[in-house]
Amino acid sequence: METLTLFITGALVAVGIYWFLCVLGPAERKGKRAVDLSGGSISAEKVQDNYKQYWSFFRRPKEIETAEKVPDFVDTFYNLVTDIYEWGWGQSFHFSPSIHGKSHRDATRLHEEMAVDLIQVKPGQKILDVGCGVGGPMRAIASHSRANVVGITINEYQVNRARLHNKKAGLDALCEVVCGNFLQMPFDDNTFDGAYSIEATCHAPKLEEVYAEIYRVLKPGSMYVSYEWVTTEKFKAEDDEHVEVIQGIERGDALPGLRAYVDIAETAEKVGFEIVKEKDLAAPPAQPWWTRLKMGRLAYWRNHIVVQILSAVGVAPKGTVDVHEMLFKTADFLTRGGETGIFSPMHMILCRKPESSSPPPPEESS
Ligand SMILES: C=C(CC[C@@H](C)[C@H]1CC[C@H]2C3=CC[C@H]4[C@H](C)[C@@H](O)CC[C@]4(C)[C@H]3CC[C@]12C)C(C)C
Ligand SMILES: C[S@@+](CC[C@H](N)C(=O)[O-])C[C@H]1O[C@@H](n2cnc3c(N)ncnc32)[C@H](O)[C@@H]1O
């Protein structure tokens with residue numbers, strides 16, 4: 001009888017552990033392992049301090065409005081979150097509309113391929129990925145288009161991760177990664193046959209600066225597509241709940257301030273682009289992009305326990321728990337932003353640099 005009780009208890013414990021670790025939602029299967037979570041380029045003992053420093057930017061909001069401080073603040077953010085993103089989301093750091101009958105992985109890839117299809121590049125041409133992360137989109141786009149992709153990111157840790165993934169995927173001949181600031185890119189004028197940015201230019205303190213830089217490095221006649229993070233026409237600045245959600249998104253995603261959808265085309269035109277197409281890819285009939293985020297809640301709760309244990313035993317740096325908690329809350333704000341329709345992470349703008357481009361007139365000083 002005792003043996004039977006022991007056997008049943010053992011079996012229940014084993015099923016419980018299996019459910020906790022596997023059924024509840026494995027983090028990305030072949031990606032980062034929980035035991036490898038790090039603070040990016042920040043040494044383990046400084047992760048907690050850097051997390052505090054990240055939050056201190058929001059106590060002095062004026063500082064994140066100045067262009068010089070933002071790249072540092074964004075760099076710190078990506079040191080803190082890159083491993084957790086890879087572990088729990090995969091190598092593409094963006095959203096995509098859900099597609100009935102397709103996996104998240106396929107929906108993500110299709111959203112990426114759409115970007116390169118829109119800019120109509122040919123195999124062998126050279127295109128720019130503005131804010132490339134660890135290169136999930138870059139690899140999908142290079143495989144699909146056979147174009148040569150050059151990615152730029154401010155975060156050195158991401159550069160190393162992206163190069164490693166490119167090599168592992170056998171795509172290092174087509175994909176190159178550069179560490180740099182997209183507000184001052186280390187490329188000559190008229191270098192690229194096309195450019196795209198996926199949920200990255202929202203980190204720029206002034207959209208005009210990054211668009212002007214992209215315009216400069218594009219060849220005349222070539223196209224640029226961007227998936228922008230914006231507040232939609234449903235956002236009302238006088239609604240406290242709307243403001244709470246948008247502030248939550250800004251703080252948990254290192255944004256110097258979300259833009260209104262109407263500002264996007266206006267800014268692109270201001271730097272000299274012609275607008276070819278503009279569309280909110282999150283608007284119906286597109287299926288909700290936030291379902292994946294919402295469905296993962298149980299897994300995030302599991303992840304939080306895993307992170308707490310790893311941090312307590314000294315495998316994960318102290319501070320990882322705080323960062324994870326911040327992301328946990330951010331997921332909620334993003335979901336609310338999606339459900340209320342006040343926020344879109346995929347306001348698409350497709351632009352062309354005119355064939356004969358004269359520089360835009362200088363700003364009038366007021
Ligand atoms: C474009 C940007 C990033 C968008 C998304 C890729 C990320 C936004 C929020 C992130 C996450 C939130 C919850 C995390 C969860 C608690 C953890 O257990 C596993 C990782 C998360 C799911 C994480 C993954 C990436 C996001 C969805 C911004 C920064 C401009
Ligand atoms: C949310 S991630 C998106 C990454 C990638 N586009 C993807 O979808 O996987 C934003 C990216 O923009 C980059 N970024 C933000 N500000 C930058 C800057 N000033 N210069 C260069 N890269 C920047 C970040 O380092 C990060 O790689």
Side-chain angles (χ1 to χ4, degrees), residues 25 27-28 31-32 34 37 40 67-68 70-96 104 108 111-112 115 129-141 151-159 161-162 165 177-186 196-206 209-210 213 226-229 248-256 258 289-290 292-307 320 323-335 337 345-346:
E28 264 297 298
K32 267 263 157 199
L37 293 179
E68 315 87 73
V70 173
D72 270 1
F73 147 81
V74 172
D75 185 32
T76 302
F77 174 80
Y78 280 106
N79 276 325
L80 297 172
V81 303
T82 293
D83 277 353
I84 302 183
Y85 275 20
E86 266 202 60
W87 173 52
W89 199 255
Q91 295 170 12
S92 292
F93 295 175
H94 64 83
F95 296 107
S96 49
H104 295 311
T108 303
H111 194 58
E112 295 166 347
D129 181 335
V130 184
C132 65
V134 298
M138 166 192 278
R139 286 179 287 283
I141 281 172
I152 184 165
T153 166
I154 193 80
N155 184 262
E156 203 176 348
Y157 182 71
Q158 291 188 337
V159 172
R161 293 292 300 162
H165 291 311
V177 192
V178 173
C179 191
N181 185 350
F182 57 39
L183 303 172
Q184 290 160 327
M185 291 194 271
Y196 64 90
S197 54
I198 302 187
E199 302 187 24
T201 48
C202 50
H203 288 296
K206 290 186 188 118
E209 289 182 358
V210 60
E213 205 37 15
S226 186
Y227 296 166
E228 292 289 343
W229 277 35
I249 293 176
E250 289 168 352
R251 291 176 182 197
D253 293 291
L255 304 180
L258 264 172
W289 54 266
W290 60 91
R292 178 178 176 192
L293 203 57
K294 201 173 173 182
M295 302 257 292
R297 269 191 195 144
L298 270 178
Y300 308 155
W301 169 78
R302 184 276 317 268
N303 289 354
H304 202 60
I305 298 180
V306 171
V307 167
T320 314
V323 178
H324 192 267
E325 198 175 340
M326 170 185 83
L327 294 180
F328 208 118
K329 289 181 182 152
T330 308
D332 220 48
F333 284 121
L334 285 162
T335 306
M346 50 191 79

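Counting starts at 1 for both ligands and their atoms, in listed order.
Between the choices Leu327, Leu258, Thr330, Val323, the shortest heavy-atom distance to atom 12 (C) of ligand 1 belongs to Leu327. When the heavy-atom distances from atom 20 (N) of ligand 2 to Phe77, Tyr157, Phe182 are ranked, the shortest goes to Phe182. Taking all heavy atoms of Tyr78, Phe73, Tyr227 into account, the minimum distance to atom 10 (C) of ligand 2 is reached by Tyr78. Nearest-heavy-atom check against atom 28 (C) of ligand 1 across Trp229, Phe333, Phe77, Phe328 picks out Trp229. Closest to atom 5 (C) of ligand 2 by heavy atom, among Cys202, Gly131, Pro205, is Gly131. Nearest-heavy-atom check against atom 7 (C) of ligand 2 across Pro71, Gly133, Pro137 picks out Pro137. Residue nearest to atom 12 (O) of ligand 2, selected from Ser92, Pro256, Ala200: Ala200 (by heavy-atom distance).
Panel note: side chain Glu213, backbone Met185; a donor-acceptor pair is recorded below 3.5 Å. Between the side chain of His203 and the main chain of Ala254, a donor-acceptor pair closer than 3.5 Å is present.
For the atom pair OH (Tyr227) and SG (Cys202), the distance works out to 14.5 Å, reported to the nearest 0.5 Å. Atom-to-atom distance recorded for Leu258:CG and Trp229:CH2 is 7.5 Å, nearest 0.5 angstrom. Considering CZ of Phe73 and CG of Leu255, their distance stands at 7.0 Å, rounded to 0.5 Å. Interatomic distance, Phe333 CZ to Leu293 CG, rounded to the nearest 0.5 Å: 13.0 Å. To the nearest 0.5 Å, the span separating NE2 on His324 from CD1 on Ile84 amounts to 6.0 Å. To the nearest 0.5 Å, atoms CD (Glu250) and OG1 (Thr330) are separated by 12.0 Å.
The nearest protein atom to atom 5 (C) of ligand 1, hydrogens excluded, is given as Phe95 CZ, 3.9 Å; this is a heavy-atom distance. Ranking protein heavy atoms by distance to atom 24 (C) of ligand 1, first place goes to Trp89 CB, 3.6 Å. Looking from atom 10 (C) of ligand 1 to the surrounding protein, the closest heavy atom is Tyr85 CE1, 3.8 Å. The nearest protein atom to atom 9 (O) of ligand 2, hydrogens excluded, is given as Phe93 N, 2.7 Å; this is a heavy-atom distance. Among all protein heavy atoms, the one lying closest to atom 25 (O) of ligand 2 is Thr153 OG1, 2.8 Å. For atom 6 (C) of ligand 1, the closest heavy atom belonging to the protein is Phe93 C, 3.4 Å.
Side-chain contact between Phe182 and Ile154 is absent, with no heavy-atom pair separated by less than 4.5 Å. Annotation: side chain of Asp75 is not in contact with side chain of Glu156 (no heavy-atom distance under 4.5 Å). Residues Arg297 and Lys294 form a side-chain contact, since some pair of their non-hydrogen atoms from C-beta on lies under 4.5 Å apart. Side-chain contact between Trp89 and Arg292: present, with at least one pair of heavy atoms (C-beta onward) separated by less than 4.5 Å. The closest side-chain heavy-atom distance from Asp129 to Ile141 is not below 4.5 Å. Contact annotation: the side chain of Pro205 approaches that of Leu183 to within less than 4.5 Å [non-hydrogen atoms, C-beta and beyond]. Side-chain contact between Asp83 and Tyr157 is present, with at least one heavy-atom pair separated by less than 4.5 Å. Side-chain contact between Thr82 and Phe93: present, with at least one pair of heavy atoms (C-beta onward) separated by less than 4.5 Å.
Residue His203 touches ligand 2 through its side chain alone, judged by heavy-atom distances below 4.0 Å. Counting heavy atoms closer than 4.0 Å to ligand 1, residue Asn303 contributes side-chain atoms (C-beta onward) but none from N, CA, C or O. With a 4.0 Å cut-off on non-hydrogen atoms, Trp87 does not touch ligand 1 at all. When heavy-atom distances to ligand 1 are checked against a 4.0 Å cut-off, Leu334 comes that close only through its side chain, counted from C-beta outward. Within the 4.0 Å heavy-atom criterion, the part of Leu293 lying near ligand 1 is the side chain and not the backbone. With a 4.0 Å heavy-atom cut-off, ligand 1 is reached by the side chain of His203 but not by its N, CA, C or O. Contact annotation: for Cys202 versus ligand 1, heavy atoms closer than 4.0 Å belong to the side chain alone. Contact annotation: for Cys132 versus ligand 2, heavy atoms closer than 4.0 Å belong to the backbone alone. For Val74, every heavy-atom contact with ligand 2 shorter than 4.0 Å involves the side chain, none the backbone.
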Should Met295 and His104 be marked as a side chain to side chain contact (heavy atoms under 4.5 Å, CB included) after you check the CA-CA gap, both sets of side-chain angles, and the distance that decides it? CA-CA 12 Å; Met295 302 257 292; His104 295 311; 5.7 Å; no
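Residue Asn181 has at least one nitrogen or oxygen atom sitting less than 3.5 Å from a nitrogen or oxygen atom of ligand 2, judged on distance alone. Ligand 1 has a nitrogen or oxygen under 3.5 angstrom from a nitrogen or oxygen of His324. Here's the thing with Leu183: none of its N/O atoms is less than 3.5 angstrom from an N/O atom of ligand 2. On a distance-only criterion, Ile154 and ligand 2 share at least one N/O pair closer than 3.5 Å.
Shown in contact with His94 at under 4.0 Å from a heavy atom are these atoms of ligand 1, numbered in order with element: 6 (C). Which parts of ligand 2 touch His94 is read off a 4.0 Å heavy-atom cut-off, strictly below it: atoms 8 (O). Taking a cut-off of under 4.0 Å to the non-hydrogen atoms of Asp253, the atoms of ligand 1 that pass are 8 (C), 28 (C), 29 (C). Atoms of ligand 2 lying under 4.0 Å from any heavy atom of Gln158, numbered from 1 in the order shown and given with element: 24 (C), 25 (O), 26 (C), 27 (O). Close contacts between ligand 1 and Gly88 involve ligand atoms 19 (C), 20 (C) [criterion: under 4.0 Å to a heavy atom].
Within the 4.0 Å cut-off (strictly below), no protein heavy atom is located near atom 21 (C) of ligand 1.
Residue contacts with ligand 2: Gly180 is included, with a non-hydrogen atom under 4.0 Å away.
Using cut-offs of 30° and 60° for the angle between ring planes, the His304 and Phe328 rings count as perpendicular. Ring pair Tyr85/Tyr78 is perpendicular by interplanar angle, where above 60° counts as perpendicular and below 30° as parallel.
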